[in-house]
Amino acid sequence: MMRIQKILKAGVAGAMVTLIAASAYAAGGAAEKMAADADVAKLPGVVLTQKLADGLPPSIKSSGVLKVATDLTPPISFHGEDGKLIGIDADIAAALGVILGLDVEMTDVGAGAAIVPSILAKRFDLSISGINDDPELEKQVDVIDYMYDATTIMTIKDNPLAIKGLEDLCGKKVAVPVGTFQAKMVEAASAKCATPVNIMSIPKMPDVLQAVRTGRADATFNGYATSVYTTEHQTGNGKGLQALPDIRLAVGYLGMLTAKDNPQLRDSVVAALQQMVDSGAYETIMKKWSLGPLAVKTVKVNDAASMPAD
């Protein structure tokens, strides 16, 4: 991963009230059992590993179920044409179920801002979602750093406003998901503007993208991987979207979250993921979704501070 200027290390501790409030409206969907498809089940390393299964917390071993929270950020996690959860997270969740000998129930919680409260409230054991790791986040939960990402800007197709950088967002309407890393980024950018950014806070990322498509917003901040995927796979009504690939901001990790008082689960998941990395299964899944360059070589925990500031 090339070293790119990191413009912001935004914390989430100050947004905790917003996050908790957000959980009230994030009704989410029903739990979905994640069974490994044939292309995942046959991967090397995706096999029951009794030593890792034995290391799970007693409560999870006795229930035989791992409850996982996610939200929709294609191609990391999204609904296929049949309505089922698919993407990198769905494949990894299914593989973890095989390795740890568990049934994995994955739930779309409806909004990224609901993820942290749902883990703190013990509604879910683990989140597998495109959440940016951050030192402030690590004070609340343990973060398993399972892939890289950056942030870019998305506009309407052909970029009619000729946005080339953060300074071009001053005075523009920028939509962002509530309580997210990207929301903090646009707030920081706006503070440097003579004419502030008109920030539109919207609960769900799909609705954020639709706001840009339909012209309600001029742009959005979004994960680099998701933005590139969305550019290549236009969906929904309204004008198409375009990622600005030359803009790569805040390079860092995306993380899975576990409660601070659940180190057994954290360590079991880390070991299972590292088994997937070492066997090549993890890289195969990343390449399947066209994100091979974002693959990590070593699964780390709470490692956000190691990412370069420049």
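Only this structure's heavy atoms are used, side chains among them; waters, hydrogens and symmetry mates stay out. Everything numeric here is computed off the predicted structure, so don't read it as measured data.
The backbone N or O of Lys173 sits less than 3.5 Å from a side-chain atom of Asp218, completing a donor-acceptor pair. Between the Thr220 side chain and the Met154 main chain, no donor and acceptor come within less than 3.5 Å of each other. A donor-acceptor pair under 3.5 Å is absent between the side-chain atoms of Lys67 and the main chain of Arg123, judged by distance alone. Gln242 places a side-chain N or O within 3.5 Å of a backbone atom of Asp158 that can act as its donor or acceptor partner. Of the possible polar contacts, one joining the Ser279 side chain to the Pro44 backbone as a donor-acceptor pair under 3.5 Å is found. The backbone N or O of Ala31 lies less than 3.5 Å from no partner atom in the side chain of Glu105, so there is not a single donor-acceptor pair. Of the possible polar contacts, one joining the Glu138 side chain to the Ala304 backbone as a donor-acceptor pair under 3.5 Å is found. Counting only distance, with no hydrogens or angles, the side chain of Asp37 and the backbone of Asp39 share no donor-acceptor pair below 3.5 Å.
Just one residue in the list Leu66, Ile119, Val65 forms a side-chain contact (heavy atoms from CB on, under 4.5 Å) with Asp125, and that residue is Leu66.
Between the side chains of Thr107 and Glu32, no donor-acceptor pair of N or O atoms lies under 3.5 Å. Counting only N and O atoms by type, the side chains of Tyr253 and Asn132 include no donor and acceptor under 3.5 Å apart. In summary, the side chains of Tyr146 and Asp133 do not present any donor paired with an acceptor at a separation below 3.5 Å, with no hydrogens or angles considered.
Nearest heavy atoms, Met34 versus Ala90: CE-CB, 3.4 Å. When all heavy atoms of Val277 and Val296 are compared, the pair lying nearest together is CG1-O, 4.1 Å. Listed here is the closest heavy atom pair of Leu96 and Ala272: CD2-CB, 3.6 Å. A pairwise comparison of heavy atoms in Val40 and Ala95 identifies CG1-CB, 4.0 Å as the closest pair. What you find for Leu291 and Pro75 is that their closest heavy atoms are CD1-CG, 3.8 Å. The two residues Ile128 and Met106 have their closest heavy-atom pair at O-CE, 3.8 Å.
How far CG of Asp89 is from OG1 of Thr73: 6.5 Å, rounded to the nearest 0.5 Å. Of the inter-residue distances, the one linking Thr284 atom OG1 with Met286 atom CE reads 11.5 Å to the nearest 0.5 angstrom. Here the CD-OG1 distance, from Gln264 to Thr258, works out to 11.5 Å after rounding to the nearest 0.5 Å. The line from OG of Ser63 to CG of Leu56 is 9.5 Å long, rounded to the nearest 0.5 Å. Rounding to the nearest 0.5 angstrom, the gap separating the NZ atom in Lys172 from the OG1 atom in Thr195 is 9.5 Å. Summarising the geometry, atom CD1 belonging to Ile131 is positioned 12.5 Å from atom CG belonging to Asp149; distances are rounded to the nearest 0.5 Å.
Under the 4.5 Å side-chain criterion, counting only non-hydrogen atoms from C-beta, Asn198 is not in contact with Val174. In this structure, the side chains of Lys204 and Leu72 stay at 4.5 Å or more apart for every pair of heavy atoms. Within the 4.5 Å cutoff, the side chain of Val143 has heavy atoms near those of the Leu257 side chain. Considering only heavy atoms from C-beta on, Phe78 stays 4.5 Å or farther from Ile88 through its side chain. Side-chain contact between Thr151 and Gln182 is present, with heavy atoms from C-beta onward closer than 4.5 Å. Using a 4.5 Å heavy-atom cutoff, the side chains of Leu85 and His79 are in contact.
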Exercise. Please report the C-alpha distance between Thr152 and Ser227 in whole Å, then the side-chain angles of each, then the deciding distance to 0.1 Å, and finally whether the side chain to side chain donor-acceptor pair (under 3.5 Å) criterion is met.
Key: CA-CA 7 Å; Thr152 191; Ser227 299; 5.8 Å; no
Exercise. For side-chain contact (heavy atoms from CB on, under 4.5 Å), just list the numbers for Thr155 and Leu241, CA-CA rounded to whole Å, side-chain angles, deciding distance to a tenth of an Å, and then say yes or no.
Key: CA-CA 6 Å; Thr155 69; Leu241 297 173; over 6 Å; no
Quiz prompt | Verdict with reasoning, Ile199 to Glu187, per side-chain contact (heavy atoms from CB on, under 4.5 Å) | solution = CA-CA 8 Å; Ile199 302 172; Glu187 289 168 7; 3.9 Å; yes
Practice problem: Decide side chain to side chain donor-acceptor pair (under 3.5 Å) for Asp71 and Ser129; before the verdict, give the C-alpha distance in whole Å, the side-chain angles of both, and the deciding distance to 0.1 Å. | Solution: CA-CA 6 Å; Asp71 70 317; Ser129 183; 2.2 Å; yes
Exercise. Applying side-chain contact (heavy atoms from CB on, under 4.5 Å), run through Val208 and Val176 and close with a yes or a no.
Key: CA-CA 6 Å; Val208 169; Val176 288; 5.7 Å; no
Quiz item: Please walk me through it: do Leu254 and Asp145 pass side-chain contact (heavy atoms from CB on, under 4.5 Å)?
Solution: CA-CA 6 Å; Leu254 297 183; Asp145 299 313; over 6 Å; no
Quiz item: Is there a salt bridge (charged side-chain N to carboxylate O under 4.0 Å, His left out) between Arg266 and Asp142 once you walk through the steps?
Solution: CA-CA 8 Å; Arg266 178 200 64 203; Asp142 281 332; 3.0 Å; yes
Practice problem: Just do the salt bridge (charged side-chain N to carboxylate O under 4.0 Å, His left out) check on Asp261 and Lys122 with the steps written out, would you? | Solution: CA-CA 10 Å; Asp261 61 358; Lys122 306 298 177 67; 2.9 Å; yes
Quiz item: Going through the checks in order, is the side chain to side chain donor-acceptor pair (under 3.5 Å) test met by Gln275 and Thr49?
Solution: CA-CA 10 Å; Gln275 177 171 303; Thr49 305; 2.9 Å; yes
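A single hydrophobic cluster is seen to contain both Ile76 and Trp289, as judged by linkage of ILVMFWY side chains at heavy-atom distances under 4.5 Å, directly or through other members. Cluster annotation: Leu120 and Val109 are assigned to the same hydrophobic cluster (Ile/Leu/Val/Met/Phe/Trp/Tyr, side-chain heavy-atom contacts under 4.5 Å, transitive). Both Met147 and Val251 belong to a single network of hydrophobic side chains, linked directly or stepwise wherever heavy atoms of I, L, V, M, F, W or Y lie under 4.5 Å apart. Val47 and Leu273 are members of different hydrophobic clusters when ILVMFWY side chains are connected at heavy-atom separations under 4.5 Å. Both Leu52 and Val301 are members of a single hydrophobic cluster when ILVMFWY side chains are connected at heavy-atom separations under 4.5 Å.
Within a 6.0 Å sphere centred on NZ of Lys260, heavy atoms belonging to other residues, nucleotides or ligands number more than 12. Annotation: Glu283, atom CD; neighbour count of heavy atoms from other residues, nucleotides and ligands within 6.0 Å does not exceed 12.
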